[in-house]
2 protein chains.
Amino acid sequence: MSGFKVGELVVDSGSLILSEGSHSAQLFTVLSGWAFRYKTMEDGRRQILNYMLPGDLLGLQGSVMGEMQHSVEAMSPVVLCVFQRDKLPDLFRNHPDLGYDVTWLASREERMLDENLLSLGRRSALERAAYLIAFLHQRATAIGMVGRKPLMIPITQQHVADTLGLSIVHTNKTLRRLAQKKLLRWHDRACEVLDEGGLMAAAGWEGIGEGTRPLI
Amino acid sequence: MSGFKVGELVVDSGSLILSEGSHSAQLFTVLSGWAFRYKTMEDGRRQILNYMLPGDLLGLQGSVMGEMQHSVEAMSPVVLCVFQRDKLPDLFRNHPDLGYDVTWLASREERMLDENLLSLGRRSALERAAYLIAFLHQRATAIGMVGRKPLMIPITQQHVADTLGLSIVHTNKTLRRLAQKKLLRWHDRACEVLDEGGLMAAAGWEGIGEGTRPLI
DNA sequence: CGTCGGTTTGATCTAGTTCAACCGCCGTGG
DNA sequence: CCACGGCGGTTGAACTAGATCAAACCGACG
């Protein structure tokens, strides 16, 4: 693995890590922090596709298919492990088990997108919001980000709106309803989860259900 | 590759190929026909996630991560090439280039899901419908399914509704609007594309833009 | 000849959008 | 030191895209 790694990269909150349309030569792994993947339309409409947490691979689409078709932006200070994209075929040749792990990660991403798609297509605003927050909380929990201190998800209501496909106004009203039910508490650009089970119930969501995870 | 293949499977239109919650032992490639991937909620709401055409891999999530979290159903007679799922790690070990191709396919699926997510989150009903039909037409074209005879996409309006996250009634009204604009013609459980460019324009969509595709 | 799945149409209703303010906080520049 | 502007969040009122309800049509098929 070490031969494949090029270096580390540290970026601030709000920085653009990868940009739609570019032919970036890098592939990253998140070591710490939060980021999100999104697409935009010419007229400015933005859709957040998924969130990236420590352990996630970032830029695989660009590496394997050429041009990036989405952007990635940091939501907190982020530390990245940088790889050389053109060495990816070598990785598959010389370390087939690592190649398999890359496929595992790609499959997991696909699974998350499936669930997000179900959310956007078939869940109500309240269900969607509950789902999103519970989902992020579960992911953070799974990688040990939530200890004795309650977790603060570093997200703004604009992010939530752009993830759920809702207007910012309705997003606000919906989040307040969840807060009134004591399922979460909203802070300044952060969300604290008070009752993950309650959120899951409100969303009609069973949870992630993920096997053992490879470390890259 | 031959050692990996187990056999062929032929199924009728409407058959369930893979089922949510199962631990299917197989992995498939579509040889001919149309199928779709979907998820359902307990109360019956259904969301179609993507469509499967010849060349697509099917059941990778189940193979790599255990349990299937979506189902797959045939929309036409379908011929499948069947693989043994537990031989997948061997494939990566003994044929790294094929392993890479699997990852390529997974990345491509991710890309399509990204675009669908943008559609559901940020496009209007008319844009979504236009996008979906143009998208299917492009995919079919890319694999040479459309020759001198115009292509008939073997889809019902219920499929379209469950893909776009719309009600069946509104889907019908939206498709009629596209038909009035002479962008498509609706037949009995089939859609004929009259003007792909017009559909793309109506959707605000640039097209797929796909590199060279591996054959598995 | 009845029935069933797919499609069509009109009327009514509502979840979510848009518009328009306003508040509190913080960083900047005079 | 204070005024100003911008960003994130909040709230109410008016509006609309799309949902729901209800009914009918049409061709295939037993």
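All chains are named by letter (A, B, ...) in the order of the sequence lines, taking the proteins before the strands, and each is independently numbered beginning at 1. All values below come from the heavy atoms of this structure, side chains included, with hydrogens, waters and symmetry mates left out.
Between A/Glu67 and B/Arg111 there is no salt bridge, since no side-chain N of the basic residue sits under 4.0 Å from a carboxylate O of the acidic one. Salt-bridge formation is not detected for the pair B/Glu20/B/Arg37: no Lys NZ or Arg NE/NH1/NH2 atom is positioned less than 4.0 Å from an Asp or Glu carboxylate oxygen. Ionic pairing of A/Arg123 and A/Glu115 is present here: one or more N-O contacts between side-chain nitrogen and carboxylate oxygen are shorter than 4.0 angstrom. Salt bridge B/Asp56/B/Arg139: present, at least one basic N to carboxylate O contact under 4.0 Å.
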I need a per-nucleotide contact map over nucleotides 5-12 of chain C, read 5' to 3'. Cutoff is protein heavy atoms under 4.0 Å; write B for the base, S for backbone only, - otherwise. -SSBBBB-

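Between the B/His159 side chain and the B/Thr156 main chain, a donor and an acceptor come within less than 3.5 Å of each other. Side-chain N or O atoms of B/Thr40 include none that pairs as donor or acceptor with a backbone N or O of B/Arg46 at under 3.5 Å. For the pair A/Arg45 (side chain) and B/Arg122 (backbone), a donor-acceptor distance under 3.5 Å is present.
Across A/Lys39, A/Gln61, A/Gln47, a single residue satisfies side chain to side chain donor-acceptor pair (under 3.5 Å) together with B/Asp114, and that is A/Gln61.
Using bins of under 30°, 30° to 60° and over 60° for the plane-to-plane angle, the ring pair A/Phe83/A/Phe4 lands in the parallel bin.
Proximity of residues 34-53 of chain A to DNA chain D (heavy atom under 4.0 angstrom from any strand atom) is not detected for any residue.
Here A/Thr174 lies out of heavy-atom contact (under 4.0 Å) with every strand. Across all strands, B/Gly14 comes closer than 4.0 Å to no nucleic acid atom at all (heavy-atom distances).
Here chain B contacts DNA chain D (any atom closer than 4.0 Å to a heavy atom, that is under 4.0 Å), and the contacts span D/dG18 to D/dC21 from 5' to 3'.
At most 12 non-hydrogen atoms from other residues, nucleotides or ligands lie less than 6.0 angstrom from CG of A/Asp12.
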